[in-house]
Amino acid sequence: MFALEKKSFWMLLGAIIVMASGAAVWKPFDEYKSGIVWPEPPIINPGNELHAPSDAIVLFNGKDLSAFENGEKWLIEDGYAQVQGSGITTKQPFGSCQLHVEFATPEEVKGDGQGRGNSGIYLMGKYEVQILDSYKNKTYFDGQCGAVYKQQPPTVNACRKPGEWQSYDIIFEAPEFNKDGTLKTAAFVTVLQNGVLLHNHLELQGGTFWDQPPHYESHAAKLPLHIQDHGNPTRFRNIWIRENINPLVGTLPEKKEEAKGSL
Ligand code: MG
């Protein structure tokens, strides 16, 4: 008998709590909806450490560099490609993009400063995100690994040891130019090294040059991607690029109706 009363007590208490909590979250407003009719985001396979996302263009999958001019010059071994004799340039041009690159500076340390594990990712062949062995290797800060060369040092030095595999994930917004060649919209870049943010939507001051201050020179909306040969046997693997990084565009049907009615 006592057990039954105890059970009833807890059931009653439970009901009171549920009712009270319901009252606490109840609001006299309708759910907000933007009214925008969005296209459905495409369904993709995001891939994993070994496989690119299904909507990416694979530039190097460990087997050949046929996506690049001069790719045949590089040493390809055990799933990686090693700088040899020339820089390589994609046959296909790209504009705004998301780029994934894995690289390893030479395990055997030779040279110092800019002469150690130097290579680089040249977005549109013009805007270099530096690759360098910056593990206990000082150089000018806007030239160390992860720098936008001679424009902006990385926010942190996130380098792994020589010979260890590292990654760059780069989101690049291509610049736009007016018909008269003047700059309409600057380029922007976001860079993560080994998953760590180095640059957050950084506005580029122009092309990256060794012997000139940065400046823009009008160019096409899409240009090939270049990977630098700086005389050091830096290795690469798992390179892929995604072109469509623009936000989805929705429509506002209500506003269209209003426009029709006013005619
Ligand atoms: Mg370089």
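The chain is numbered in sequence order, starting from 1.
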Should [X] and [Y] be counted in the same cluster of Ile, Leu, Val, Met, Phe, Trp and Tyr side chains packed under 4.5 Å apart?
X	Y	value
Ile170	Trp240	no
Val249	Leu252	no
Leu132	Ile121	no
Ile57	Phe60	yes
Leu202	Val196	yes

inquiry  = Assess the residue pair Ile88 and Leu65 against the criterion (side-chain contact (heavy atoms from CB on, under 4.5 Å)); give the C-alpha distance rounded to whole Å, side-chain angles, the decisive distance to 0.1 Å, and a yes or no.
reply    = CA-CA 9 Å; Ile88 58 173; Leu65 284 169; 4.1 Å; yes

message = Taking salt bridge (Lys or Arg N to Asp or Glu O under 4.0 Å) as the cut-off, I'd like each qualifying pair that reaches into residues 89-107, sequence neighbours left out, listed once.
response = Glu102-Arg237

If I compare all heavy atoms of [X] with all of [Y], which pair ends up nearest, and what's the gap?
X	Y	value
Asn194	Ala158	ND2-O, 2.9 Å
Ala174	Ala221	CB-O, 4.4 Å
Gln82	Pro233	NE2-CB, 3.4 Å
Leu183	Glu176	CD1-O, 3.6 Å
Gln193	Cys145	NE2-SG, 3.7 Å
Ala81	Ile76	CB-CG1, 4.2 Å

Any side-chain heavy atom of [X] sitting closer than 4.5 Å to one from [Y]?
X	Y	value
Asp229	Ser119	no
Tyr127	Pro214	no
Glu203	Gln152	no
Tyr135	Glu164	no
Phe68	Leu59	yes
Asp112	Lys138	no
Ile245	Phe172	no
Thr190	Leu197	yes

Any sub-3.5 Å donor-acceptor pair from [X]'s side-chain atoms to [Y]'s backbone N or O?
X	Y	value
Asp180	Thr182	yes
Asn238	Glu49	yes
Asp169	Leu192	no
Thr208	Tyr149	no
Ser54	Ile44	no
Asn178	Gly181	no
Tyr168	Gly146	yes
Gln151	Gln205	yes
Asn61	Lys63	yes

Gap separating the [atom1] atom of [X] from the [atom2] atom of [Y], nearest 0.5 angstrom:
X	Y	atom1	atom2	answer
Glu69	Gln92	CD	CD	12.0 Å
Arg235	Asp78	CZ	CG	8.0 Å
Glu128	Leu123	CD	CG	9.5 Å
Ser86	Asn70	OG	CG	3.5 Å
Lys161	Thr105	NZ	OG1	12.5 Å
Gln166	Ser134	CD	OG	9.0 Å

Test log, rule side-chain contact (heavy atoms from CB on, under 4.5 Å), inputs Gln130 and Asn118 = CA-CA 8 Å; Gln130 173 73 306; Asn118 196 333; 3.1 Å; yes

key: Ring centres under 6.0 angstrom apart (Phe236, Trp74)   = yes

ask   = Checking side-chain contact (heavy atoms from CB on, under 4.5 Å) for the pair His219/Tyr216: CA distance, chi angles, key distance, verdict?
value = CA-CA 9 Å; His219 59 68; Tyr216 280 104; 5.5 Å; no

key: Pairing residues for Gln212 by the side chain to side chain contact (heavy atoms under 4.5 Å, CB included) criterion, not counting sequence neighbours   =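 With neighbours one apart ignored, the set is Phe209, His215.
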
ask   = Got a sec, which residues hit side chain to side chain contact (heavy atoms under 4.5 Å, CB included) with Ser218, two or more places apart in sequence or on another chain?
value = Phe177

message = Among Thr139, Asp133, Asn232, Thr234, exactly one meets side-chain hydrogen bond (donor to acceptor under 3.5 Å, both in side chains) together with Arg116. Which residue is that?
response = Asp133

query = Is it true that atom CD1 of Ile43 has more than 12 heavy atoms of other residues, nucleotides or ligands lying nearer than 6.0 Å?
reply =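 Incorrect, the count does not exceed 12.
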
message = Using side-chain contact (heavy atoms from CB on, under 4.5 Å), reason through Thr89 and Leu225 one step at a time and then give a plain yes or no.
response = CA-CA 6 Å; Thr89 306; Leu225 174 81; over 6 Å; no

task = Mind telling me whether Tyr122 and His226 have parallel, tilted or perpendicular rings, with 30° and 60° as the class edges?
result =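 Ring orientation of His226 relative to Tyr122: perpendicular.
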
task = Return yes if a side-chain donor-acceptor contact under 3.5 Å exists between His201 and Glu173, otherwise no.
result =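 Looking only at side-chain atoms, Glu173 and His201 do form a donor-acceptor pair, the distance falling under 3.5 Å.
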
